[in-house]
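Reckoned from all heavy atoms, side chains included, excluding hydrogens, waters and symmetry mates.
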Amino acid sequence: MAAAVAAPAPSRKTETYTDTKRRDDVRGANIAAARAVADAVRTSLGPRGMDKMICSGDQEVIITNDGATIVSRMSLIQPAARMLAELSRSQDAAAGDGTTTVVVLAGSLLRRAQSLLSAGAHPTAAADALHRLATRAIEILHAMAIPIELSDRESLVKSASTALNSKVVSQYSTLLSPLAVDAALSVVDPAHPDLLDLRDIRIVKKLGGTVDDTELVRGLIFDKKASHAAGGPTRVENAKIAVIQFQISPPKTDIEQSVIVSDYAQMDRILREERNYILGMVKKIKAAGCNVLLIQKSILRDAVTELSLHYLAKAKIMVVKDVERDEIEFITKTLNCLPIANIEHFRTDKLGYADLVEEVSVGEGKVVKITGIRDMGRTATVLVRGSNQLVIDEAERSLHDALCVIRCLVNKRFLIAGGGAPEIEMSMQLAAWSKELQGMESYCIKEFADALEVIPYTLAENAGLNPISIVTELRNRHARGEKNAGINVRKGQITNILEENVVQPLLVSTSAITLACECVRMILKIDDIVTVR
């Protein structure tokens, strides 16, 4: 009895019960929302992927299978789902290609993370294992990579073709790939050989013809007609071109006001003054030897009037008006001239020189073409044609992806095989590495290594093949040491993918792995959603 009384009271610490249900529910909801986004774009992965038709509220329709475009157009409400849209945008900014891959990869990693959490793994342990896995995966990719030189044009064309093969305009990849390579190489500055600014490549879209009529123009193209008022010239040889940012029209006061004219003599004087003012400007322009004027669009008042166009036509000066403000920098860089902000600064040393400026008919409309530019800056212009607006827009997006692929190769000059080969190789090497580790980390890394197989699995599934037998055969080939064995969707079998010229830049794959792992880690670490007013 005494012993029973002397027994210490049980400690309260062991009895406390922490309710983790809410945390699990929030994490589960986040993972489910993010996976729903990944599943939505999964069918558009690879050369046999399906296209999505995106319809917006204002009746705008877009047909595309570019992951970044699809995800960015979705109206997502759940915050974790929005993180996947941001992830796709980050991949687009970092590499330009692989935007679908990165979302599908993140979705697969989240699925494995969910099964780990339900088996009792702690989210922090899973997140840390994922961080180690990403570091190791990048080392494996570097070991697989093949160094290239920018002088090796054939390899660049192959990688651009691989990027284009999964697009709506894949049948034109033989035309668009060399065009993208030539455009990109023409703007690389020898002083900075590892930099490629895509703002130096301008894409002009013009309805009519087919994508086959797309061309790279050594010079400038304006998607507008030359001014035909008063019979001005539409073709000028040995052109001296001025880019002006002032208005050739009668001046106005800054404030809203009205002038009351009481008799004809005063009216005549106003008109005479206007005429003399404009004539004086035109004479100064002509005196500098200028014969082509590019006039920036004005929001304050009309950039040109009928009267000024009449005098310019009489002086045999060709006029292209309504040049957008954000195009001025590109135009002046190409023409190697300076923009002129005031008539008093109109001097010969600010002009650009070209052999020919002419208005040409393209499809139903007309464009102004400037060719044979003297001391041309490092820029390029691509004129994209197509039978309808949807095709032209998709051709532009595809061309942008191809240019981004070349930008990746300029920044990091390594290629790796495509066709699911690097993912299977990473999966197998990481699974082998997990056996050397211990405890929960080993279990997590093994699980996440299996998640990488989603890329070859989806490629096979979208191509209408049997995904299970294809992935099993792929594992078998890689286990025998065939590092570059991948899925050939055209033949429907496993081949050495390098011999098939299916290659992609190393930067696309490394960036996809790093960004996907980072995003999944962030989602795993969230255990509550707090809404504030």
Other residues, nucleotides, ligands: >12 heavy atoms within 6.0 Å of [X] [atom1]:
| X | atom1 | answer |
| --- | --- | --- |
| His142 | NE2 | yes |
| Arg82 | CZ | yes |
| Glu215 | CD | yes |
| Lys412 | NZ | yes |
| Arg89 | CZ | yes |
| Glu139 | CD | yes |

State plainly whether the residues [X] and [Y] are in salt-bridge range, i.e. N to O under 4.0 Å.
| X | Y | value |
| --- | --- | --- |
| Asp223 | Lys205 | no |
| Asp194 | Arg413 | no |
| Arg202 | Glu324 | no |
| Arg521 | Glu518 | no |
| Arg378 | Asp200 | no |
| Asp401 | Lys167 | yes |

Subject >> Test side-chain hydrogen bond (donor to acceptor under 3.5 Å, both in side chains) applied to Ser170 and Ser173, step by step >> reply: CA-CA 5 Å; Ser170 56; Ser173 63; over 6 Å; no
**OP:** Please test His228 against Leu309 for side chain to side chain contact (heavy atoms under 4.5 Å, CB included), starting from the C-alpha separation and ending with a verdict.
**Re:** CA-CA 9 Å; His228 289 259; Leu309 287 174; over 6 Å; no
Original post:
Can you list every salt bridge (Lys or Arg N to Asp or Glu O under 4.0 Å) pair that touches residues 337-346, not counting sequence neighbours?
Top reply: Lys284-Glu344
**OP:** Using side chain to side chain contact (heavy atoms under 4.5 Å, CB included) as the criterion, point out the one residue from Asp393, Val168, Ile54 that pairs with Thr64.
**Re:** Ile54
